[in-house]
Amino acid sequence: MTDTKTLQLDAPIEHSLLEGAPQGLTGKPIDRVDGPLKVAGRATYAAEYALDDMAYGVLVSAPFAKGRLNAVIADDALAMPGVIDVVVDLDTFARNPQQGGEEEAPTQGVRDIDYSGEHVAVVVAESFEIARDAAHLVRFDYVEGLPDVDFDGRLDEAETPPPSQMPPHQETGDPDGALAAATVKVDAVWTTPSQNSAAMEPHASIATWDDDERLTLYG
Amino acid sequence: MKLFDYARADTPEAAVQDMSARFIAGGTNLLDLMKLQVETPTKLVDISRLDLAEIEEIDDGGLRIGALVPNADLAAEPRVRERYPVLSRALLAGASGQLRNKATTGGNLLQRTRCGYFYDTHARCNKREPGSGCDGREGFNRILAVLGTSEACIATHPSDMAVAMRALDAVVLTLAPGGDRRRIPLGDFYRLPGDTPQIETVLQPGELITHVELPAPPAGRQTYRKVRDRASYAFALVSVAGVVAVEDGKIASASLAFGGLGPMPWRDAAVEAALVGKAPGDAAFAAAADALLADAQGYGENDFKIPLARRTLIAVLRELTEDAA
Amino acid sequence: MHFTINGERHEADPDIRASLLDVLREHLQLTGTKKGCDHGQCGACTVLVNGRRINSCLTLAVMHQDDEIVTIEGLGTPDDLHPLQAAFVSHDGFQCGYCTPGQICSAVGMMDEAKKGWPSHVSDDLAGDVVLEDGEIAERMSGNLCRCSAYPNIRDAIRQVWEGAK
């Protein structure tokens with residue numbers, strides 16, 4: 001067990017960040033400054049900047065969960081009126097960039113597919129409706145592998161991760177002993193569906209090049 | 001969504017002229033499926049403004065409900081709340097406020113399964129693509145059917161309203177191209193999947209549902225019980241619409257329909273035969289459950305629906321006969 | 001196509017497949033109404049059509065040329081907030097704010113339904129008076145999801161306006 005430090009916060013503490021921050025705000029129920037814009041529908045989210053002559057992109061997913069993607073065949077999609085391009089490059093297409101984890105460039109390359117729905121190309125068209133329709137016409141040449149989705153069957157391969165920089169405050173009791181000694185025992189397994197922490201707004205971005213070949217991204 | 005021709009019909013007769021066209025009214029199921037290219041109609045006929053949104057009295061206190069009456073309005077209609085509370089409760093248990101405001105009576109009957117393999121155009125599905133196979137049988141089939149299934153398909157029908165209407169002996173009124181009008185008891189309206197799960201009803205191409213009729217209100221108590229994963233805004237795992245009358249200590253009549261169990265609202269005369277003439281009590285209720293589930297077949301993840309259906313039916317029967325004369 | 005939105009007439013020339021939601025956002029620059037799921041499951045796209053709350057993602061724009069459409073922009077502006085918009089601010093009924101326009105439009109429609117005496121799934125008596133306590137509000141608003149978990153504050157905001165209007 002580490003040493004425990006305690007601090008009592010029942011009076012102002014001189015020379016502390018808590019007290020040095022803008023005065024009189026901590027603990028006060030103030031309205032959010034972005035409130036009126038948000039409740040009136042005037043706050044601008046990532047896909048809501050109205051630029052001239054916008055094109056629309058719809059992402060294309062691999063039709064399998066595990067395997068090797070050899071080619072993305074875009075001929076039929078490109079032939080649809082209103083389609084501007086189908087962006088395909090198996091080696092440079094961004095591969096689910098890890099939020100906050102990348103430092104120089106996103107991980108690229110989609111030749112190896114590892115999950116259902118993995119994005120491998122984008123259809124660009126004059127309207128959302130055309131892009132969405134054309135995305136269904138994209139075809140694939142691939143070798144399908146066997147996805148491994150057996151969580152329960154591989155629990156014996158689970159590892160305890162190494163300690164991180166901040167050791168946890170941790171106490172372990174004796175659940176087996178307590179259960180054995182209990183007057184009433186209920187031993188069952190309940191499962192819940194997997195949960196994602198994800199805000200309501202779908203990820204979106206607007207990209208625009210200017211005359212000096214400078215790219216501005218709205219996100 | 002594939003391109004389509006769009007036209008608005010001014011009369012029901014005009015609406016049924018083109019047998020290759022699909023009708024759109026509320027659109028809350030059709031557009032969902034069209035966005036995913038599960039449905040790819042080439043022509044849509046907008047019937048949403050036709051004069052089919054009234055609820056009229058018919059003989060003996062029954063009601064004729066226009067096919068375009070929104071689900072929300074049907075649930076809130078005083079005569080439905082009063083005479084057919086099982087229907088009001090079933091409607092209120094379904095979908096969300098926004099969807100109930102838009103979905104129509106006719107559309108609710110015709111909504112399609114929510115089976116994940118039907119929805120996934122990369123999966124094998126005999127309903128969506130006849131002959132391709134059924135990935136549901138050996139797949140994630142927790143929400144799929146345990147009664148009325150076939151080698152080709154184990155999908156469930158997702159409607160709550162249709163289950164209550166089945167218990168109420170509803171009749172579907174239609175107008176066919178050529179002008180013929182039909183009266184189709186709801187019990188004859190849906191088809192078992194068999195070898196042709198892509199054919200879900202007895203409607204002919206271009207045939208329009210114009211009304212649903214409810215006969216005079218039945219005797220006895222009515223209830224709708226829906227068991228699902230969430231308290232709201234989720235489809236039924238198992239549901240029961242029940243109407244039971246007790247006279248002189250015996251069950252005089254019973255009408256029971258089930259959701260979540262089969263490819264259509266499920267009703268079985270053997271269930272009711274096990275109850276009529278018997279004293280209310282767990283012996284009769286267990287016999288009814290035995291009759292319901294005699295041929296039930298689970299596919300792995302949905303095995304639980306069988307004991308769940310038993311318990312839900314018995315609970316409904318207890319509720320409907322508690323302290324009854 | 002032509003549309004009457006927030007009392008004003010608008011013209012647009014969208015694809016026949018365009019949803020009402022996409023016409024609002026992409027053709028008319030009325031981006032207050034949000035796209036969360038595009039399949040009628042989240043409620044972020046809720047608008048009022050002829051006074052009734054609907055999911056604008058699950059309807060074709062072409063079918064609504066004769067309707068009165070009200071969006072979040074029509075309920076109030078940052079300088080002149082609708083009472084429900086103001087209540088959402090004072091009760092902190094949002095964090096990211098993306099579900100918020102849909103919540104507010106849906107609540108306006110919902111309170112109208114309650115005023116008409118419509119029962120809900122959780123009402124004990126189908127014919128009784130409507131009492132908008134927590135459970136009723138939660139049920140009637142179940143078609144509007146919030147990922148930031150502002151639900152308790154959303155219910156407080158709605159209840160305040162409902163009680164204030166009585």
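Chain letters run A, B, ... following the sequence lines, proteins first and then strands; every chain starts at 1.
- Counting only heavy atoms from C-beta outward, the side chains of F23(B) and L110(B) never approach each other to under 4.5 Å.
- Between the side chains of N153(C) and H91(C), not a single donor N or O lies within less than 3.5 Å of an accepting N or O.
- With a 4.5 angstrom heavy-atom cutoff, D38(C) touches chain B via backbone and side-chain atoms both.
- Taking 4.5 Å as the limit, some side-chain heavy atom of Y224(B) sits within range of a side-chain heavy atom of S239(B).
- In terms of non-hydrogen atom pairs under 4.5 Å with chain B, the most contact-rich of E139(C), M63(C), K116(C), M141(C) is M63(C).
- Interface check for chain B: of the options A127(C), G40(C), A138(C), the most heavy-atom pairs under 4.5 Å are formed by G40(C).
- Interface remark: of the candidates H121(C), Q41(C), R140(C), H121(C) forms the most heavy-atom pairs closer than 4.5 Å to chain B.
- Neither the backbone nor the side chain of R230(B) comes within less than 4.5 Å of any heavy atom in chain C.
- Options E82(B), K2(B), M34(B), R49(B) differ in how many heavy-atom pairs under 4.5 Å they form with chain C, and the most are formed by R49(B).
- For the options G94(B), S96(B), A72(B), A231(B), heavy-atom pairs under 4.5 Å to chain C are most numerous at A72(B).
- Comparing V122(C), D15(C), D67(C) by how many heavy-atom pairs each has under 4.5 Å with chain B, the most go to D67(C).
- The existence of a salt bridge linking D66(C) and R8(B) is confirmed by a sub-4.0 Å separation between a basic side-chain nitrogen and an acidic carboxylate oxygen.
- Using modelled atom types and a 3.5 Å distance limit, the side chains of T59(C) and K102(B) yield a donor-acceptor pair.
- With chain C as the partner, the residue from G27(B), A76(B), G26(B) showing the most heavy-atom pairs under 4.5 Å is A76(B).
- With respect to R53(C) and E113(C), a salt bridge is recorded, a charged nitrogen being found less than 4.0 Å from a carboxylate O.
- Looking at N50(C), neither its backbone nor its side chain comes within 4.5 Å of chain B, counting heavy atoms on both sides.
- If you tally non-hydrogen atom pairs under 4.5 Å between each of R17(C), R52(C), M110(C) and chain B, the highest count goes to R17(C).
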